[in-house]
Amino acid sequence: MVDLHTHSNESDGTYSPEQLVRAALDLGLEALSISDHDTFAGYDRAAPLARDAGLDLICGIELSTRLRERPGTHGITVHLLGYFVDGRPDGSFRSWLGELQASRRDRNVRMAARLRELGIDITLDEVVALGRSQTGRPHFASVLLRKGYVPTIQEAFDEYLGEDGKAYVNRIEPELAEAVWRITLAGGVAAVAHPARLRTGADGSIESLVGKMCDVGLMGIEVYHSDHGPEDELRFLELARRYGLAPTGGSDFHGENKPGVALGTGANGSLMVPRTVLDELRDRAAKRVSENGRPASGETAPTQAARLP
Ligand code: AMP
Ligand code: ZN
Ligand code: FE
Ligand code: FE
């Protein structure tokens, strides 16, 4: 069993990278990926420990991207996972992450102001104090919970922080096509995260959205996830086969910031991500490297025309 989707306290989880490695070993996981939002800080800290302990640790990242079906529309948020993004030493992917982190900080300033407008006693400083290198919405949720404004983390999202919440503010999200391209160029494999959470328009289906993602180079789909039931797994496995995508999977463990989701076994202990998933993902990455290490689309950024229609 493996877990290819976890968050450390370098993004919005509560376990330190050291604790994650320890917990993975205690559980007997065959491999672990730390896939923090917009940062490799957790992976970087865990890598030497995992090496010493003999744990197969996979470099991962989770990016919030925007998919527009038509230019000029607002589009939808798509969480994109990138695996093996550490293949290229030139650092351009990491410096791009710096830009995403800046837009996140700007969003946080506006979100704190919006909450205060709603009469909530909250400062950005107290939210930031809960994180290490990065502040996310689960940190806001924690403060709202601690101060008694909401009874659970989930209600903090439902009422305030989620996309339909009273205090939701947008941040600049890269286009899905650009993010896929950058992951691929950095030697990685891009996979769409928790597809059950994709919000399709009234006339759209998840299947057709995933088809559009494939057109811009998507290589994997998260079949196994804490939010997915057995029907979801079958549906997305079938979709993976149809589009030739590598199935991926993980718990999306966030420690105390997502109560009820356990490392490895997910919600209600019902998750089991088979090791073959990692073998196939590795195969894909290795094949690409042997094909010159370059994405099929070449080394230039996707032009507007090459992006989604
Ligand atoms: P951020 O990257 O700061 O925008 O926060 C994103 C994280 O917030 C996700 O990884 C989830 O853990 C959590 N999250 C986002 N939307 C919801 C929601 N509607 N309900 C519960 N958690 C959510
Ligand atoms: Zn998160
Ligand atoms: Fe996500
Ligand atoms: Fe996640």
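Order of appearance sets the numbers: ligands from 1, and atoms from 1 within every ligand. Source: prediction; values computed, not measured.
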Where on [X] is there a heavy atom closer than 4.0 Å to ligand 1, on the side chain, on the backbone, on both, or on neither?
X	value
H254	side chain
D12	side chain
E62	neither
Q154	side chain
R137	both
Q134	neither

Practice task
To 10°, measure the NE2(H37)-the Zn ion (ligand 2)-OD1(D12) angle for me.
Solution key: 90°
Exercise for the section: Name whichever N, O or S atom of E62 ends up nearest to the Fe ion (ligand 3). Expected result: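 Within E62, restricted to N, O or S, the Fe ion (ligand 3) is closest to atom OE2.
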Problem - Min heavy-atom dist P138 to ligand 1 below 4.0 Å - result: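 Checking ligand 1 against P138, which is what was asked, there is a heavy-atom contact under 4.0 Å.
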Handout entry: Whether H139 lies under 4.0 Å from ligand 1, heavy atom
Key =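 Per 4.0 Å heavy-atom rule, H139 does not contact ligand 1.
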Exercise for the section: Could you tell me whether the Zn ion (ligand 2) has an N, O or S atom of H254 under 2.8 Å away? Expected result: yes
Exercise for the section: Please state whether the separation between the Zn ion (ligand 2) and some N/O/S atom of D252 is under 2.8 Å? Expected result: no
Practice task
Evaluate the ring planes of F253 and Y15, with Trp represented by its six-membered ring, and classify them as parallel (under 30°), tilted (30 to 60°) or perpendicular (over 60°).
Solution key: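 Answer is perpendicular, since the angle exceeds 60°.
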Exercise for the section: Check the angle between the aromatic planes of H228 and H225 and answer parallel, tilted or perpendicular using the 30° and 60° thresholds. Expected result: tilted
Problem - Carboxylate-amine/guanidinium contact E117 R114, below 4.0 Å - result: yes
Handout entry: Protein heavy-atom partner closest to atom 13 (C) of ligand 1 - residue, atom, separation in Å
Key = F157 CZ, 3.4 Å
